[in-house]
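Proteins get letters first, then strands, A, B, ... in listed order; numbering begins at 1 in each.
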Amino acid sequence: MWETLIIEPMVNSLLVIYRFLGNFGVAIILFTILIRLLTHPLTAQQLKSTHKMQEFQKSKEWIETQKKYKDDKTKLQQEQMKMYQQMGINPLGSCLPLLIQFPIIIGLYQAIIRVLGGAPIQLADLYHLVYPFIDISKLVPINNIFLGLNLSQPLGYTVIGFVVAAFVAGTTFIQSKVMAPPAQPGEQGAQMTQAMNMYMPLLMGYLALTFAFGLSLYFIAGNIISIAQYAMMGKVNWRNLIPTRLKIPGLTSSAPSAPEPSTDQKPEKTTKKPSSGTPTKKASAKK
Amino acid sequence: MKKIRPVLLISTFIFVLFLLSACAGGDPTALNTWPGVTIDAEKQIAYLAFGNFVQGIDLQSGESLWRFPAKQERNLSFAAPPALTADGQLVVGALNKIVYSFDPNQLETVADGDNQVKTPAQKWMFEGADNNYYGGALVLGEKVFIPNINFILYALNQTGQEQWKFTAENALWSTPATDGETIYLGAMDHKIYALDPESGRTIWISEELGGAIVGTPTLGPDGQLFIGAIGSSFENLGGDVHALDAQTGRMLWDQPLTVSAWVWSGPALQDGILYFGDLNGSFYAAQAADGKIIWKNELPAPALFSSNPKILGTPLILDDRIYYGDDRGVLRILDKQSGEELTCRKVQNSKIYGPIQNFVAPDGSNTILVPLNGRAETLIALDEELGLKWFFPFNEKVEKDKILGSCQ
């Protein structure tokens, strides 16, 4: 069922695009754009819900409610649900669209691997995935060469392999930085997000070295398209890319008791204002 | 706690990398091919190339005699069937872009950890290619011809020196065929090439055959050349079988034999009849003279969200029976005259892609060799009724009775 509903339509779409373009590298890029366009309403919905949730978490009412019921978790949960209803927030609103997109992203990855057909079993397995109206015999073997590199094979630990891996890691890093939502002071997930921002690019770079180059191309295209998508919705925090100095305890003039926020995830108000460059002022703005 | 967290995160990261490397380690193409098997009937040894080793296996007992290399080497894996030269060398192309030659008659004992391993002495290596070898080498006289997926057929002498090379228009996946005077090479560019083995000169190039050629052409006794194609000029998703004149490359039939699915390998030929399967699980017998189908054994239509099994390997003809396997691990025996299924068995958790071969022992008994994907066992030996004789590699924890089951 997975193959019929997800993989087959993707494989055939890729083949149709390839048939018209004659270049599988360009087909991967174009297909990634198409998939992102199709899933754009889900992305927008997810972003909207995330934004609402952030507003809610920043709201005075919620902070006060948390303080009020800090020793009664059950009551706090009940109040939280009430407030969700009042503010029209669906608690699953931000993760449901993401969950729907997840199989699409996995499917896209698998479809690319299968269409590449760089080895005998891959090519044989392609047979049952192709729709009868596509004249696959004219398309096989797929021209796997893009920019002089074989899309179906890993580039490995070569100079060009490291260059491509650096591109994958770099675009992943930029994507995760500029798309990171503003974290709340003391938010537990902030440190985890920060760690993910660090390790995810490394992991993706490693995958780029190990897996077929076609997938690296997909990773790079996907990252760039995601950044563009978020930028068009006005949700990109370019300032997150600028390294900020670590905050030194004692220099912060306000909220000494507040937990220290991550250095790269400032509240929206701070990041949108021209930076004064002083850690003290940034810290003040957070309040 | 703050000190512990980075350590924990780094450990988690390393662990995830470790898990991923298990999926992606080595050459990923090694997982997308099947075992290559060559039989040395005189010495009663099967040479099995798959995974990280080429192994010598006693055909009577299934015991391992030696392996090459002695120790597992990262990024070295094999899938192409080894070729035996006249002077007793084994030549095999690997998935690390190198051709290896070694002498199975000259064994050394090497320590691999606590084990003592017998390994043949390496004679030479050829490192002139920039890509992998899926197809096996062809030996003709004192030359070895080996196709690479970089579109090039390399002609080497018996010391591994390049004599000439021929470049096709696309990748070469299959072992070339020969009638002793000419080399016939099927290519992914939809063409067959006839080459002079001495000089590499092109004698003829076939016309466009409607689909990529991934199997080895089959030579007929009267100078015909039969080959399957993964594609057809007449039917989308169909496949063709072509008959060519080996002297001129001219098409012998008015039009190719078109079937409803890709034909992966060259057909088996006996008494003027071609036998072959397709990627939709159908099996055919056709007249070699004109390409007319004599009978067809077709599987029932698949259930919703399902598909029929694929037949890739060249079948084995033994007396009045035809043996073949499919990618669901089912072995079938058909009656050669009628195409009726006589029996079938399923190799559990396995896929069968490669050709099925037969070894005739000095006492006249048959041993049917079936290469496997998907199991720890990569080769099984069967009797004519599909009873299991032995499996390789032997593992005392594996219950012999459970390897083969019902095919229903």
Side-chain angles (χ1 to χ4, degrees), chain A residues 1-5 7-8 15 113-114 116-145 150 152-154 156-157 188 191-192 194-212 215 260, chain B residues 2 5-6 8-10 12-13 16-17 20-21 23-25 27-34 75 79 95 131-132 134 149 170-171 173 188-190 209-212 214 229-233 235-240 261-262 264 278-280 302 304-308 310 312 327 351 353 373:
Chain A
M1 188 180 272
W2 167 256
E3 296 222 328
T4 309
L5 298 179
I7 304 295
E8 284 183 16
L15 286 170
I113 282 287
R114 294 187 186 212
L116 282 168
I121 292 177
Q122 276 179 343
L123 180 58
D125 285 346
L126 182 62
Y127 176 78
H128 282 309
L129 299 173
V130 179
Y131 293 149
F133 63 82
I134 293 179
D135 190 359
I136 183 75
S137 65
K138 299 281 184 295
L139 306 179
V140 170
I142 301 285
N143 178 8
N144 286 335
I145 304 300
N150 191 329
S152 68
Q153 294 195 350
Y157 302 102
Q188 285 188 339
Q191 284 185 329
M192 185 57 83
Q194 193 186 6
M196 286 290 281
N197 287 351
M198 260 177 68
Y199 293 128
M200 205 55 189
L202 290 176
L203 180 66
M204 297 303 280
Y206 174 75
L207 293 181
L209 283 173
T210 320
F211 288 145
L215 283 172
E260 190 177 308
Chain B
K2 277 191 175 179
R5 190 169 287 145
L8 194 69
L9 282 169
I10 290 167
T12 310
F13 178 67
V16 170
L17 277 186
L20 283 164
S21 67
C23 308
D27 189 333
T29 51
L31 302 172
N32 287 309
T33 54
W34 46 85
N75 294 328
L95 297 173
N131 218 323
N132 296 330
Y134 290 160
I149 64 171
N170 214 302
W173 280 17
M188 295 284 280
D189 59 17
H190 303 196
L209 296 179
V214 288
I230 58 164
S232 167
S233 301
E235 193 176 331
N236 281 0
L237 283 182
D240 288 343
W262 290 354
W264 193 273
D278 70 17
L279 263 58
N280 209 20
L304 190 66
F305 300 130
S306 182
S307 58
N308 278 336
K310 299 183 280 284
L312 271 77
D327 72 338
K351 296 179 175 193
Y353 293 109
N373 282 66

In terms of heavy-atom pairs under 4.5 Å, which option from A:Thr4, A:Val130, A:Leu123 contacts chain B the most?
-> A:Leu123
Please check if the side chain of B:Asp327 supplies one atom and the backbone of B:Tyr353 the other of a donor-acceptor pair under 3.5 Å.
-> no
With only heavy atoms counted, which part of A:Ile134 is less than 4.5 Å from chain B, the side chain, the backbone, both or neither?
-> backbone
Could you tell me which portion of B:Ile230 (side chain, backbone, both or neither) has an atom closer than 4.5 angstrom to a non-hydrogen atom of chain A?
-> both
Pairwise distance OG(B:Ser306) to CD(A:Glu3) - rounded to 0.5 angstrom | 10.0 Å
Between B:His190 and A:Val140, is there a donor-acceptor pair closer than 3.5 Å when you use the side chain of the first and the backbone of the second?
-> yes
Spatial distance of atom CD1 (B:Ile149) from atom CG (A:Asn150) [nearest 0.5 Å] = 7.0 Å
Which residues pass the side-chain hydrogen bond (donor to acceptor under 3.5 Å, both in side chains) test with B:Asp240, sequence neighbours left out?
-> B:Ser232, B:Thr258
Which region of B:Trp262, side chain (C-beta onward) or backbone (N, CA, C, O), has a non-hydrogen atom less than 4.5 Å from a non-hydrogen atom of chain A, or is it both or neither?
-> both
Give, as side chain, backbone, both or neither, the part of A:Asn143 having an atom under 4.5 angstrom from any heavy atom of chain B.
-> neither
Portion of B:Ala171 that has a non-hydrogen atom of chain A nearer than 4.5 angstrom = neither
